[in-house]
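Read through the structure below, which is laid out as structure tokens, and then see the notes.
Worth saying up front: this structure is predicted, and the values here are computed from it rather than measured. In what follows, chains carry the letters A, B, and so on, assigned in the order in which the sequence lines appear, proteins first and then strands, with residues in each chain numbered from 1.
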Amino acid sequence: MNTMSVPSKNKSLFTAIREVVSHIPEGKVATYGQIAKKVGSNDARKVGWAIYNNQNPKVPCHRVVKKDGSVAENFSLGGWQEQKSRLLSEGVTFSTEKQVDLERHLWRI
DNA sequence: AATTTGACAGCGA
DNA sequence: GTCGCTGCCAAAT
């Protein structure tokens, strides 16, 4: 009966998104759309937006990529290169210079 | 209270 | 394959 699939409406999307993102295992990545659905919103923008307006160090935002696996070009902490560097450190492989290999590292919710 | 913003996603030309 | 607009919707100012 625990409708855990649906986050508590008590929490703001901030909290919901932060939780979901922080639940991404190392070496895995999730797409904005995926997280968006997880939090109950079909708006992928708010996913990045939430982190963008918070920059929580506890949130592995570098594990969040676009649906194509491409990293966010407007990544705040130094650019997509910074994100890529972190992902590589976790064992994530890249299909292209800016795209993560979703076939191998897409996180399954 | 109203307006602006926003690290996307989807479709069309 | 690239470029551009639209849609969604909550938070920040």
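- In this structure, A:E97 and A:K84 have side chains that are in contact, with non-hydrogen atoms separated by less than 4.5 Å.
- For the pair A:I17 and A:W49, the minimum side-chain heavy-atom distance is 4.5 Å or more.
- Two residues, A:F14 and A:N42, neighbour DNA chain C, and the one matched to the more 5' nucleotide by heavy-atom proximity is A:N42.
- Put simply, CD1 on A:I51 is 14 Å from C1' on C:dA11, counting in whole angstrom units.
- Between the side chains of A:E90 and A:H62, at least one donor N or O sits under 3.5 Å from an acceptor N or O.
- Shown for residues 66-75 of chain A: no residue has heavy atoms falling under 4.0 angstrom of DNA chain C.
- What separates CG of A:N53 from P of C:dT13 is a distance of 7 Å, to the nearest Å.
- Atom pair A:Y52:OH and C:dA12:P shows a separation of 12 Å (rounding to whole Å applied).
- We find that CZ of A:R18 is positioned 19 Å from P of B:dA7, with the value rounded to whole Å.
- Comparing A:D43 and A:T31 along DNA chain B, the residue whose closest nucleotide (by nearest heavy atom) sits nearer the 5' end is A:D43.
- For A:K37 and B:dA9, the NZ to P distance is 12 Å, given to the nearest whole Å.
- Per the geometry, CD belonging to A:Q81 stands 17 Å off C1' belonging to B:dA7, to the nearest Å.
- A:V65 places a side-chain heavy atom less than 4.5 Å from the side chain of A:L102.
- Applying the 4.0 Å criterion to OP1 and OP2 of C:dC8, one finds that A:S41 has every side-chain N and O outside that range.
- Contacts of A:L13 with the nucleic acid, taken as non-hydrogen atoms under 4.0 Å apart, involve only primed sugar atoms and P, OP1 or OP2.
- Within a 6.0 Å sphere centred on CD of A:E82, heavy atoms belonging to other residues, nucleotides or ligands number more than 12.
- Atom CH2 of A:W49 is separated from atom C1' of B:dT4 by 13 Å (rounded to the nearest Å).
- Considering only heavy atoms from C-beta on, A:Q34 comes within 4.5 Å of A:L106 through its side chain.
- With rounding to whole Å, A:E82 atom CD is found 14 Å from B:dA7 atom C1'.
- Here the side chains of A:S70 and A:W80 are not in contact, with every heavy-atom distance at 4.5 Å or above.
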